[in-house]
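Residue numbers start from 1 in every chain, and the chains themselves are labelled A, B, ... in the order their sequence lines are given, proteins ahead of strands.
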Amino acid sequence: MDIELSSEDLAFRDEVRAFFEENKIKEGEDYFSWRLGWFKKAREKGGWDVPKWPAKFGGPGWTPTQHYIWEQETARATIPFDLPFGLGMLAPILMSYGSKEQQERFMPDIRDRKVNWCQGYSEPGAGSDLANLKTKAVLSDDGSYYTVNGSKIWTTLAHVADWIFCLTRTDDSGIKQQGITFLLFPMKQEGIEVKPIITLGGSHTVNTVHFTDVKVPVENRIGEEGKGWTYAKGLLEHERTGLAGLSKSLVEVEQLKENARSVQRGNGTLMDDSSYKSKVAELEIDLMATEYTELRSLANAAAGEELGPESSILKLKGTEIKQRIQKLTVEASGIYSSAWGDGGIGFPFAKGGTGGYLNSRYFTIYGGASEVQKDVIAKKVLGLTKGSKK
Amino acid sequence: MDIELSSEDLAFRDEVRAFFEENKIKEGEDYFSWRLGWFKKAREKGGWDVPKWPAKFGGPGWTPTQHYIWEQETARATIPFDLPFGLGMLAPILMSYGSKEQQERFMPDIRDRKVNWCQGYSEPGAGSDLANLKTKAVLSDDGSYYTVNGSKIWTTLAHVADWIFCLTRTDDSGIKQQGITFLLFPMKQEGIEVKPIITLGGSHTVNTVHFTDVKVPVENRIGEEGKGWTYAKGLLEHERTGLAGLSKSLVEVEQLKENARSVQRGNGTLMDDSSYKSKVAELEIDLMATEYTELRSLANAAAGEELGPESSILKLKGTEIKQRIQKLTVEASGIYSSAWGDGGIGFPFAKGGTGGYLNSRYFTIYGGASEVQKDVIAKKVLGLTKGSKK
Amino acid sequence: MNFELSEEQKMIQQSVERFVQENYDLPKRVEISSKDPGYNKDYWGSMAELGWLGLPFNEEDGGFGGNQIDTLVIMEQFGKGLVLEPFLANVVLGGGAIQMGGSEELKREILPSLIEGTKQVTLAYAEQQSRFDLEDVATSARQEGDKYIINGQKSMVLNAESADHLVVVTRTSGGQVDEEGITLFLVDSNTKGLEKQNFPTVDGLRASEITLENVEVNTERMIGDIDNGFEILKAVSNNGILALCAEAVGAMEILYKDTVEYTQQREQFDHPLSDFQVLQHRMVDMFMEYEQCKSLLFRATMETIQDPKMAQKTIHALKHLIGKSGIFVGENAVQLHGGMGVTEELRIGHFFKRLLVIDSQFGNADFHLDKFTDF
Amino acid sequence: MNFELSEEQKMIQQSVERFVQENYDLPKRVEISSKDPGYNKDYWGSMAELGWLGLPFNEEDGGFGGNQIDTLVIMEQFGKGLVLEPFLANVVLGGGAIQMGGSEELKREILPSLIEGTKQVTLAYAEQQSRFDLEDVATSARQEGDKYIINGQKSMVLNAESADHLVVVTRTSGGQVDEEGITLFLVDSNTKGLEKQNFPTVDGLRASEITLENVEVNTERMIGDIDNGFEILKAVSNNGILALCAEAVGAMEILYKDTVEYTQQREQFDHPLSDFQVLQHRMVDMFMEYEQCKSLLFRATMETIQDPKMAQKTIHALKHLIGKSGIFVGENAVQLHGGMGVTEELRIGHFFKRLLVIDSQFGNADFHLDKFTDF
């Protein structure tokens with residue numbers, strides 16, 4: 001066992017830091033042109049614009065440790081926002097299951113951040129039981145197109161998306177994981193209606209999307225008809241690991257402590273209040289442990305072992321940590337936690353804190369609710385499957 | 001709503017207090033003769049030796065409030081030990097289901113504390129699923145006696161008991177709650193073997209009891225053959241309320257705080273340690289709430305409503321509170337919590353504290369494990385019974 | 001020892017329950033909350049007519065001589081609909097302070113119109129630095145002839161937008177955190193130098209930041225004795241806590257019951273959610289928290305009526321438990337409703353928000369646990 | 001960054017694992033524990049022969065130059081059998097102190113016989129009033145010529161019954177809770193004035209209360225410099241924490257795995273217990289606690305090797321988590337085993353007891369959480 005980064009890894013970390021430092025946004029610079037420029041420069045570094053893509057598709061081909069370093073550094077650096085849907089979710093499916101034509105057609109625009117994608121998996125009434133989907137796609141008699149009817153829900157940023165990758169049902173005669181087909185189609189067309197869902201925090205990120213007789217050419221289908229679940233499923237576990245977001249939480253805990261230190265209590269600050277600081281300490285300790293659980297999992301991956309259901313631990317712990325950070329922000333805000341909106345009442349950090357906390361309740365629901373993650377661990381890791389369920 | 005005790009109730013409380021005060025054990029007095037004398041005097045007060053028995057069987061016929069007052073006062077007073085098996089468990093069954101002959105035969109000795117009873121319900125392998133019992137009782141061809149074979153477990157004080165009241169199986173053709181027969185028989189006879197079970201705390205209270213061809217005359221059967229479950233069941237809910245033991249916990253919390261104040265920390269004591277005192281405070285608050293939950297439940301009982309599955313709340317909260325008191329005693333003992341036995345190492349209160357904590361783990365297991373209590377509340381109170389269980 | 005409501009209390013309970021059922025479904029509440037003044041004036045009028053606004057006031061001041069149990073009865077039902085009308089601010093806080101410490105003239109001037117619903121009063125006590133400490137008062141009142149000149153800021157003043165008068169907590173002597181030296185004044189809302197910054201709160205109610213710059217107030221508008229306002233403030237705060245906790249208990253009842261109902265209807269993995277034992281036990285925990293909170297609410301309320309000094313420890317216990325349990329019940333109601341729980345579309349989210357705000361008012365769970373340990 | 005054991009470490013791991021499997025079933029352990037001296041002398045001899053007792057010592061002192069990871073490997077396996085032999089007391093604590101601060105003569109005198117298993121050393125640091133504070137030392141050592149005279153009491157000294165020497169922590173100057181002024185001495189067990197009161201501990205091990213009355217010790221038996229013993233004590237205590245936590249992780253593994261197995265076999269209400277979702281999730285929680293503890297153990301151990309000063313915060317985090325999680329896992333293992341869990345008959349109760357004792361050694365969960373907040 002060895003904690004130290006190799007000299008190569010240290011050199012890589014320095015290189016990443018230097019890159020981030022050099023390419024920070026300058027005062028007065030236009031955000032969107034800086035953003036595109038940033039990705040261009042990252043591409044010139046050898047695929048840094050698509051860090052998770054394999055080398056054969058233009059990615060950097062990093063080791064797991066390099067990925068870990070990258071994630072740690074990005075959490076602390078000023079880098080442009082990026083959405084996971086095209087880059088992190090659709091692209092791997094295209095690489096594995098898309099035809100050469102589909103790869104050539106869709107991947108360049110994803111890489112250039114030209115096309116915004118959204119993900120059409122969840123449906124009203126299905127919850128964490130993703131395979132239980134009812135959006136119908138019927139193939140035309142001549143076999144040239146599908147007609148899609150149905151609804152999706154919790155569709156993140158559907159209101160600004162250009163395209164959707166969508167699970168549809170083409171056959172409901174067998175078990176529910178079968179008969180699912182993976183289709184791609186543009187969002188800005190007749191027959192697609194996007195309705196905002198306002199979350200408890202008061203924000204609009206997710207939507208309901210309704211499809212009425214939407215025509216999708218058959219060449220927009222990924223792989224075979226009826227195999228869509230297989231294509232989507234493998235990625236779900238990957239997604240869970242990403243959801244832990246530990247590097248970001250580390251930064252947020254530092255911010256939390258700084259905020260609490262700005263709240264005066266008697267001769268000290270809120271960080272001198274014993275209950276409050278104990279809660280922060282317990283949070284930090286759990287985060288310290290979870291970081292190493294992630295590293296152990298990465299080390300396994302590096303040793304060629306599959307990222308398995310252990311990723312559920314990371315999702316469980318990671319999301320719970322994020323919620324606790326939000327909750328402690330609310331507590332730090334004291335009486336001001338009840339102010340709503342952008343009025344700028346009380347402490348600067350109180351603004352949006354309570355909305356953030358409320359929205360954070362979603363973390364233990366989406367991507368498979370915590371209860372479902374525990375079912376997965378019980379079954380896949382502990383082997384608790386014998387007998388009939390009660 | 002009114003919190004005040006009526007003047008009658010206050011007078012009753014004073015009378016109880018005065019009685020306890022007058023009849024305390026004197027220095028040098030023999031414990032066992034004092035004990036018997038105490039019960040004699042209590043009987044002269046009008047059935048105070050059998051407070052829970054109804055008036056027609058010689059009990060005092062108190063109101064629920066009087067019972068509550070009695071329980072509160074006994075927790076604080078010096079009164080002789082008393083066991084619940086004959087007095088509180090068997091007697092009510094005799095009153096409801098025993099024949100006149102059985103009542104006359106057994107109840108006087110119970111009242112006079114002459115005969116020690118034990119309860120033969122639980123069996124190896126059955127756990128909280130009491131009805132799943134296998135001890136067989138076979139009626140002789142002439143119908144004059146049963147032959148009992150099988151084993152009981154967790155039989156409290158079986159090693160000092162004179163008699164046992166015992167659930168046996170006389171028929172296993174139907175559902176498991178049927179075919180159970182309630183028998184009484186002496187413990188000191190051939191064919192009965194009592195083996196001690198040493199609990200984690202190092203003490204011997206419970207036992208395994210094995211029956212080999214034990215003969216029980218048919219006149220020792222309560223009620224009808226095959227109806228024993230019905231007779232035993234009603235009492236189980238009553239037992240649960242008793243298990244809460246809140247009055248005792250109130251006294252123990254005071255003792256806990258006194259102990260903690262005897263542990264010096266810096267310029268203060270352990271009760272100045274913020275984590276420790278917060279845990280004590282949370283415990284006290286839960287106890288304060290549970291006390292009123294019990295009072296609300298008693299008020300319902302007084303209004304003629306049945307003591308229902310809400311008693312499960314009291315058992316759940318009451319036993320958890322008792323465990324927390326034990327746990328905090330262990331914490332107060334610090335390094336001395338690891339000393340075992342009667343060596344008298346460290347703080348006086350540390351002695352036996354860890355054993356007490358270890359044994360207290362049993363509180364959430366016996367009388368229906370906490371998980372089973374929650375199942376009961378889910379089903380009976382919240383009505384969560386539709387559909388098939390998963 | 002008796003937990004039964006009187007016949008009159010039962011009638012009030014039924015009447016408030018009916019009012020909430022008829023007037024407070026979610027769309028209606030959202031509509032009322034989103035328009036100024038943040039509550040429905042007709043409803044307020046009805047409440048006055050039904051006599052609710054006068055319930056806890058003395059009969060000689062035009063009230064009905066009720067006590068904290070009457071308030072509990074009303075607030076618990078209000079909690080089941082998240083009623084927006086400013087009952088707490090007027091009847092419990094502002095009116096309560098005047099009832100306790102106001103001169104006869106002041107009571108005669110203010111209370112009848114408050115009870116009739118024609119004038120409104122609120123309480124301005126918190127300040128930016130005070131967090132939850134009632135005695136931390138920096139806003140100064142300096143005597144000048146027969147007037148006092150008030151300077152300072154007051155935070156999170158409930159319903160100040162609609163209030164005609166404010167009971168302002170000021171410091172007339174002593175250090176910033178001394179209990180002595182605190183004095184209460186009744187200040188008219190439109191007095192020169194008094195500025196309001198109004199904003200909505202997380203739970204759809206309204207509050208304001210108040211700036212007082214050389215605000216003049218006559219000595220006869222003093223509530224209670226000079227430098228001795230803390231006792232009144234403490235008693236009003238305790239009554240506010242009891243009222244808020246009653247509301248919270250009502251809200252918790254809706255949350256656990258809605259969750260029980262939703263999980264029975266909603267299918268996942270081919271079973272109603274309510275079939276899953278883990279969710280069943282979670283709901284049992286929610287139910288038990290509700291019952292325990294209700295028990296402690298009864299205890300604290302009954303003890304306060306019997307002996308307010310003795311009840312102080314129980315009030316700290318109550319506010320701690322309500323804060324902790326309310327958020328537990330709210331978070332789990334949301335969790336068990338899944339994605340829908342995190343939207344504005346179901347009412348449970350709104351109930352959760354209210355419980356969150358209640359925890360932040362008059363001291364949160366940690367604050368009261370700490371206070372509890374002083375006993 | 002690499003979590004793989006070296007080939008040698010893997011071999012040690014397998015060798016210890018085999019030893020535990022062959023020699024440490026429950027009846028055997030109970031038998032060994034109940035007889036004096038509370039461990040098996042043959043086993044101790046084997047451990048010496050196998051080189052385990054010399055693993056962390058420097059090669060020049062007869063050891064193998066291992067580090068805390070080697071100790072982790074051994075202790076984690078020991079934890080799976082609740083091994084009774086006094087490895088911790090001798091190798092990590094007593095021997096560790098001599099290794100760190102002893103003069104060359106002292107090391108040459110003591111360490112080889114310790115490594116051979118012929119002599120034993122333990123550490124006497126705690127006192128009745130000290131609770132978990134290492135720096136709280138009242139036992140005095142007063143210089144007299146080339147000797148020191150020690151007076152005081154030492155509490156809960158592990159394995160003192162069998163120890164030939166004790167490393168005694170004394171105060172040579174300063175106030176009772178000063179870090180400066182602490183000095184360590186190696187005292188022979190049979191020195192005049194040294195009395196032992198031996199007793200069993202909750203987990204079946206042995207400890208003693210030690211009274212020192214005018215105990216004389218030569219100046220050359222001082223370990224480290226005068227008044228500067230605290231650094232050594234702290235470092236030894238940190239190594240003790242790492243070793244105990246490794247043992248705890250081994251014990252937690254047994255507890256969660258035994259529970260998984262037991263619930264699959266045991267039927268209740270016509271189903272194996274493992275079918276109940278509530279119990280499944282409880283076991284998932286136990287498993288996750290185990291994994292998190294293991295992660296933090298690796299982290300603290302690796303950081304200590306890299307930079308002990310930097311690792312201090314992580315060591316506090318570790319001891320806190322192990323205390324809390326160990327008791328959580330233990331309590332729930334018992335709960336899920338039902339009545340049987342509360343008896344001496346199943347091994348889980350014994351593992352639970354060990355975890356309980358581990359929490360009380362070198363500071364419990366609360367103590368280390370508090371220390372953690374100082375960083």
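With a threshold of 4.5 angstrom between heavy atoms, T301(D) does not approach chain A through any atom at all. Of the two parts of D285(D), only the side chain, counted from C-beta on, holds a non-hydrogen atom closer than 4.5 Å to a non-hydrogen atom of chain A. Residue E267(D) does not touch chain A at all, counting heavy-atom pairs closer than 4.5 Å. For E291(D), the parts lying under 4.5 angstrom from a heavy atom of chain A are both the backbone and the side chain. Proximity to chain A (any heavy atom under 4.5 Å) is shown, for F3(D), by both the backbone and the side chain. Contact annotation for F375(D): neither backbone nor side-chain heavy atoms come within less than 4.5 Å of a heavy atom of chain A. Using a 4.5 Å cut-off between heavy atoms, D286(A) contacts chain D through both its backbone and its side chain. For K257(D), no part sits under 4.5 Å from any heavy atom of chain A, backbone or side chain. Looking at L316(A), only its side chain comes within 4.5 Å of chain D, counting heavy atoms on both sides.
Ring orientation note: the planes of Y290(D) and Y256(D) are tilted relative to one another, at an angle of 30° to 60°.
No side-chain N or O of Q292(D) forms a donor-acceptor pair with one of S325(D) less than 3.5 Å apart.
Summarising the geometry of R261(A) relative to T269(A), their closest heavy-atom pair is O-CG2, 3.2 Å, with the distance given to 0.1 Å.
More than 12 heavy atoms of other residues, nucleotides or ligands shown are found within 6.0 angstrom of CD on Q306(D).
The candidate with the highest count of non-hydrogen atom pairs below 4.5 Å against chain D, out of E4(A), R296(A), E282(A), is R296(A). Interface remark: of the candidates M302(D), R299(D), M288(D), R299(D) forms the most heavy-atom pairs closer than 4.5 Å to chain A.
Here the side chains of I241(D) and L244(D) are not in contact, with every heavy-atom distance at 4.5 Å or above. Side-chain contact check for Q21(D) versus E17(D): some heavy-atom pair is nearer than 4.5 Å. The shortest side-chain heavy-atom distance between W48(A) and E15(A) falls under the 4.5 Å cut-off.
Note on K10(D) versus E4(D): salt bridge recorded, some NZ/NE/NH1/NH2 to OD/OE distance being below 4.0 Å.
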